[in-house]
Structure formats: C-alpha cells, structure tokens
Number of protein chains: 2
Amino acid sequence: MRYSIGQVAKKTGLTAHTLRYYEKEGLLPFVQKTGSGLRVFSDTDIGWLEMIECLKGVGMSLKDIKQYIDWFREGDETLLQRLEMFQQQRAHLENQMEQLNKYMAKINYKIHLYTEAVRLGSLEKAHQNKELQAEQQRVYGDMF
Amino acid sequence: MRYSIGQVAKKTGLTAHTLRYYEKEGLLPFVQKTGSGLRVFSDTDIGWLEMIECLKGVGMSLKDIKQYIDWFREGDETLLQRLEMFQQQRAHLENQMEQLNKYMAKINYKIHLYTEAVRLGSLEKAHQNKELQAEQQRVYGDMF
DNA sequence: TCTTGACTTAGAGTTAACTCTAAAGATTAC
DNA sequence: GTAATCTTTAGAGTTAACTCTAAGTCAAGA
C-alpha cells in the first residue's frame with residue numbers, strides 16, 4: 001500500500017509537519033516521491049515510524065534514533081553497534097519500569113490518602129488514620 | 001536536618017541551578033532563607049522534591065505540578081481536585097506501563113534478531129530463521 | 001585575617017522537538 | 001473545468017526545561 005503524508009498523519013497520530021520534520025532530520029530515508037514531488041509512504045515506512053515511536057517511547061533522542069537508522073543503512077558492518085544499542089535500551093527500559101512501579105506505589109498511596117481526606121473533609125484527619133500511616137511507611141514517607 | 005542548596009543538589013542529583021529554577025517557578029514554596037539570603041532546605045523540602053520527581057517521572061509538566069502545590073497551599077477546599085489529579089495520573093501511568101511492555105517485547109525481539117545476525121554476520125540470514133520469524137509475528141511485524 | 005569555595009541575583013542563552021507561515025503547485029470530487 | 005483540498009518548500013517561531021554568566025556576597029578552615 002502507498003499513502004500520502006496526510007494519510008500517514010492520520011494513521012500514526014503525528015502531524016504532516018512532524019513527518020516532514022522527521023524526514024528532514026534523516027529519520028525517514030526510504031520515503032519515495034512522485035515526479036511532481038509529493039511524498040509516497042509505503043508500509044515499510046509505516047514500520048519505520050512504529051520503530052521510531054518505540055525508541056522515542058523508551059527515551060531515545062531523535063539524534064540517537066538517526067544514528068541507528070544510519071547504521072542500518074551502512075549494512076552488516078554495524079550489526080554489533082545496533083545489538084549493543086538495543087541492549088542498552090533494554091537496560092534503560094528495565095530501570096524505567098522499576099521507577100514507574102515505585103511512582104505507582106506512591107500515587108496509589110496518595111489516592112488512598114485523598115479519598116479518605118475527601119470523605120473526612122480534612123487532609124490532617126486522613127493523615128491520622130493508622131492504616132494509611134502504615135501504608136505511608138511502606139511506600140516511604142512524606143506528607144504532601 | 002537542614003541542608004544548603006549544594007547539599008540538596010548532591011542528595012537529589014539535581015543541580016543548584018535547577019533547584020533555584022524550581023523555586024522561581026513556584027515549586028518550592030516552603031524553603032526558608034537565612035538572614036543573609038542563603039536557602040535552607042528541610043527534610044520536608046526534600047520530601048517535596050521527591051514528590052516532584054515522581055510527578056515529573058509520570059509525565060506531568062512543571063506547570064501542572066505547580067498547580068498541585070498551589071492547591072495544597074489552598075488547603076482542604078481543594079482536596080477533590082487533588083484526588084482527581086492523582087486518579088488521572090494513575091490512569092496515565094497505567095497506559096504508560098502498558099506501552100513500555102509493548103516496547104520491551106519489540107526490543108527483546110530485536111535483541112534476539114541482532115544476536116543471531118551478529119553470529120551469522122548477516123541480518124538477512126538471521127531474518128530467515130524460522131523461530132525469529134515466529135517471534136516477529138507475535139511481536140507484530142517489521143524488518144528494521 | 002585571608003583565602004577558598006559555596007552561595008546570591010537578574011537575566012540571557014541553549015536544546016530538543018516540534019509548530020507554523022506563506023506562497024505556490026498538485027490532486028480530487030463534482 | 002473548476003472549486004476545494006492537499007501538498008510542497010524554506011525558513012521563522014514556539015515551548016519546556018533547563019543551563020549558564022557576571023558580578024558580587026557569605027562562611028569555614030589555616
């Protein structure tokens with residue numbers, strides 16, 4: 001299948017502006033153009049965009065994503081660099097997920113606390129609830 | 001305990017510049033100053049910084065974090081707003097974690113693929129491995 | 001006391017990642 | 001065929017979150 005920039009924008013949730021910007025930054029080196037200069041995206045290009053979304057979601061900068069794409073274009077000489085990059089990103093992702101679990105515990109505590117506070121009409125009173133105090137100890141303490 | 005800005009910087013991994021910036025943006029309204037103007041951080045302030053780190057980590061902007069702090073300062077009239085904010089952030093965090101799990105599957109597949117590719121000296125050959133093709137199907141397909 | 005290093009301020013500068021503009025050309029629906 | 005819509009370009013502008021500078025003040029150790 002072939003897609004115009006607008007169709008890809010709809011499909012991916014990015015704007016046409018952003019897609020052009022990505023291309024300018026070297027992130028979409030495989031997009032074709034018609035004789036009159038219009039971009040034509042293939043399913044392969046959509047696949048690259050999904051990979052870019054993944055790497056961005058893991059916290060990579062566009063610059064580093066471009067590095068990966070450049071390595072890909074250089075061929076099998078850069079297989080090891082690419083493997084190492086993915087290993088680094090996995091390690092990074094593991095840390096990230098661990099962090100998010102901690103944040104979740106903290107936010108769950110806040111939800112308990114504020115649910116009780118809303119019920120009682122007072123944060124101070126909610127804070128005196130023994131059960132919540134115990135949970136706060138577990139999550140690691142504060143009062144905000 | 002009381003801490004200078006430099007001690008807090010070390011403790012939190014933020015720079016003194018960043019701490020001053022946070023204060024300027026209204027995120028640290030409880031930090032005291034000495035007669036001569038030096039900042040004095042308390043354990044309560046450290047607690048706030050941990051909360052800010054958490055909310056930032058969940059994806060909130062400094063502006064929205066300030067909103068929460070302002071609500072806190074307004075007292076029990078804003079309990080419901082704060083509860084709703086935390087509920088929204090929990091929902092957001094759940095989506096985020098789900099996304100990260102998908103990214104992890106994708107990256108694990110890449111690591112398998114590239115480990116095999118490095119062994120064979122060719123991405124093309126690794127790609128022909130039946131087991132990897134099956135994994136790719138499960139993860140959702142591409143070839144980059 | 002002197003020196004060294006930490007701290008103060010206002011305000012300017014930086015970076016990443018968009019985001020928009022304007023003017024013109026291309027394509028589609030009727 | 002023509003109106004409406006989409007796409008093109010180069011380049012300027014925006015936003016969030018820092019990051020740094022300069023010129024001076026403060027505090028602790030030898």
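To find a chain, count down the sequence lines: A is the first, B the second, and so on, and within it residues start at 1.
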Discussion item. Both A:Lys10 and B:Lys63 contact DNA chain D. Taking the nearest nucleotide for each, which residue is further toward the 5' end?
Written reply: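 Upstream on the strand: A:Lys10.
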Fill in: First of B:Met60 and B:Arg20 reached from the 5' end of DNA chain D, by closest nucleotide
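The 5'-side residue here is B:Met60.
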Would you say the side chains of [X] and [Y] form a donor-acceptor pair under 3.5 Å?
X: A:Glu135; Y: A:His112; value: yes
X: A:Tyr68; Y: A:Gln81; value: no
X: A:Tyr3; Y: A:Asp45; value: no
X: A:Gln99; Y: A:Tyr103; value: yes

Practice prompt. Quickly work out the B:Lys24 NZ to C:dT9 P distance and round it to whole Å.
Written response: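 Going from NZ in B:Lys24 over to P in C:dT9 covers 11 Å.
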Worksheet item: Run the side-chain contact (heavy atoms from CB on, under 4.5 Å) check on A:Phe72 and A:Trp48 step by step: do they pass?
Response: CA-CA 11 Å; A:Phe72 180 88; A:Trp48 275 103; 3.6 Å; yes
Practice prompt. Could you tell me whether a side-chain N or O of B:Asn101 sits under 3.5 Å from a main-chain N or O of B:Glu98, the two making a donor and an acceptor?
Written response: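 A pair under 3.5 Å: no.
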Worksheet item: For B:Leu132 and B:Leu113, which heavy atoms make the closest approach, and how far apart are they?
Response: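 Looking at all heavy atoms of both residues, the shortest contact is CD2-N, 3.7 Å.
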Worksheet item: At under 4.0 Å between heavy atoms, what does B:Thr15 touch on the DNA or RNA strands: base, sugar-phosphate, or nothing?
Response: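 B:Thr15: no heavy atom of the nucleic acid under 4.0 Å.
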Worksheet item: With a non-hydrogen cut-off below 4.0 angstrom, is B:Arg39 in contact with a base, only sugar-phosphate, or nothing?
Response: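 Sugar-phosphate only.
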Fill in: Nucleotides bounding contact with chain A, strand DNA chain D, heavy-atom threshold 4.0 Å
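Reading along DNA chain D, I get D:dT7 to D:dT9.
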Worksheet item: In the 5'-to-3' direction, what one-character label does each nucleotide of nucleotides 22-30 of chain C receive under the scheme B = base within less than 4.0 Å of a protein heavy atom, S = sugar-phosphate only, - = no such atom?
Response: ----SS---
Worksheet entry | Lys/Arg-Asp/Glu bridge criterion (N-O < 4.0 Å) met for A:Arg39, A:Glu23 |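 Counted as a salt bridge, because a side-chain N and a carboxylate O are separated by less than 4.0 Å.
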